[in-house]
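Everything on this sheet refers to the single structure shown next.
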Amino acid sequence: MHASLQPGLTARLDYLVPAERTVPHLLPESEHFAALPPVLATGYLVLATGYLVGIVEWTCMRALDGHLEDGEQTLGVHVDLSHQAPTPPGSTLTVHAELTAVDGGRLTFSVRAHDEAATVCQGTHHRAIIDAERFHARVRRRLPQ
């Protein structure tokens, strides 16, 4: 990691929510998900955090742009988000992330998101810096031969 990787880095992401990122599309093979309302998958069920978590992680990764060495990547290792309001398709979700701690290769972010009407979520996200080549080799060893 570069010396510039220090607490205080921030990023913002504005995401226009499309219909295909709503709860019924998260696991379309599940009639349980299909029966839920078409809002950004933010937490009706534990698994339904998928899209929101991805958008939060994306924002945190953007804060790290230019601060990692060649061959380094980060992986999300923990997410602790509240779910405070649904976000319907056509709304813009705005996510703010701030790097609040660097402990070796462990990174902690404070995150919050809102749409035009309300705070959607807030919490923390932890990422780990990895050697991408070594990690991908480890994944390949786990694939069926």
Side-chain angles (χ1 to χ4, degrees), residues 1-84 86-115 120-145:
M1 68 184 141
H2 291 246
S4 62
L5 184 61
Q6 298 290 323
L9 296 175
T10 63
R12 173 186 164 154
L13 178 75
D14 293 317
Y15 184 79
L16 182 61
V17 178
E20 62 271 12
R21 293 293 181 260
T22 60
V23 175
H25 296 276
L26 188 61
L27 289 169
E29 63 272 26
S30 165
E31 68 273 7
H32 297 94
F33 281 94
L36 291 171
V39 295
L40 179 66
T42 55
Y44 280 95
L45 301 170
V46 173
L47 275 177
T49 60
Y51 295 129
L52 180 64
V53 169
I55 296 165
V56 165
E57 288 197 52
W58 183 11
T59 307
C60 293
M61 288 185 277
R62 288 176 63 160
L64 302 173
D65 286 348
H67 301 284
L68 298 174
E69 298 290 339
D70 289 343
E72 289 181 329
Q73 292 179 324
T74 61
L75 295 177
V77 295
H78 185 84
V79 177
D80 184 7
L81 297 176
S82 65
H83 170 231
Q84 297 171 246
T87 302
S91 294
T92 298
L93 181 72
T94 299
V95 182
H96 300 271
E98 179 179 357
L99 180 62
T100 58
V102 178
D103 182 10
R106 303 278 294 196
L107 310 174
T108 302
F109 290 86
S110 174
V111 296
R112 68 189 191 299
H114 61 87
D115 62 16
V120 173
C121 78
Q122 55 189 358
T124 57
H125 175 49
H126 300 270
R127 301 190 68 74
I129 299 172
I130 61 156
D131 177 292
E133 186 175 320
R134 190 168 61 219
F135 183 81
H136 289 283
R138 184 175 163 202
V139 171
R140 284 191 298 273
R141 287 192 301 273
R142 295 190 57 155
L143 294 174
Q145 300 300 328

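From a predicted model like this one, the values you see are computed outputs, not experimental measurements. When reading the values below, keep in mind they use all heavy atoms of this one structure, side chains included, and skip hydrogens, waters and symmetry mates.
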Between SG on residue C121 and CD on residue Q84, distance to nearest 0.5 Å: 7.5 Å

For V111 against L81, the heavy-atom pair lying closest together: CG2-CD2, 3.4 Å

Derivation of the side-chain contact (heavy atoms from CB on, under 4.5 Å) call for D103 and T108: CA-CA 8 Å; D103 182 10; T108 302; over 6 Å; no

Gap separating the NE2 atom of H126 from the SG atom of C60, nearest 0.5 angstrom: 10.5 Å

Over all atoms of both residues, closest heavy-atom pair of P88 and V17: O-CB, 4.1 Å

Spacing of OH belonging to Y15 relative to OG1 belonging to T92, to within rounding of 0.5 Å: 11.0 Å

Aromatic plane relationship, H96 with H114 - under 30° parallel, 30 to 60° tilted, over 60° perpendicular: parallel

Least distance between heavy atoms, A11 atom then T59 atom: CB-O, 3.3 Å

CD/E29: more than 12 non-hydrogen atoms of other groups inside 6.0 Å: yes

Least distance between heavy atoms, L16 atom then G90 atom: CD1-O, 3.3 Å

N/O donor-acceptor pairs under 3.5 Å from side chains in residues 68-76, not counting sequence neighbours:
| unit_1 | atom_1 | unit_2 | atom_2 | d |
| --- | --- | --- | --- | --- |
| E72 | OE1 | M1 | N | 3.0 |
| E72 | OE1 | E69 | N | 2.7 |
| E72 | OE2 | M1 | N | 2.9 |
| T74 | OG1 | R127 | NE | 2.8 |
| T74 | OG1 | R127 | NH2 | 3.2 |

Closest non-hydrogen atom pair, S91 against T87: CB-CG2, 3.6 Å

CA sep, side-chain torsions, deciding dist, call: L64, L107, side-chain contact (heavy atoms from CB on, under 4.5 Å): CA-CA 10 Å; L64 302 173; L107 310 174; 3.8 Å; yes

Rounded distance [0.5 Å steps], OG1 in T100 versus NE2 in H125: 11.5 Å

Residues which pass side chain to side chain donor-acceptor pair (under 3.5 Å) with T94, listed by chain and number, not counting sequence neighbours: D14

Residue pair G66 / S4: nearest heavy atoms and the distance that separates them: O-OG, 4.3 Å

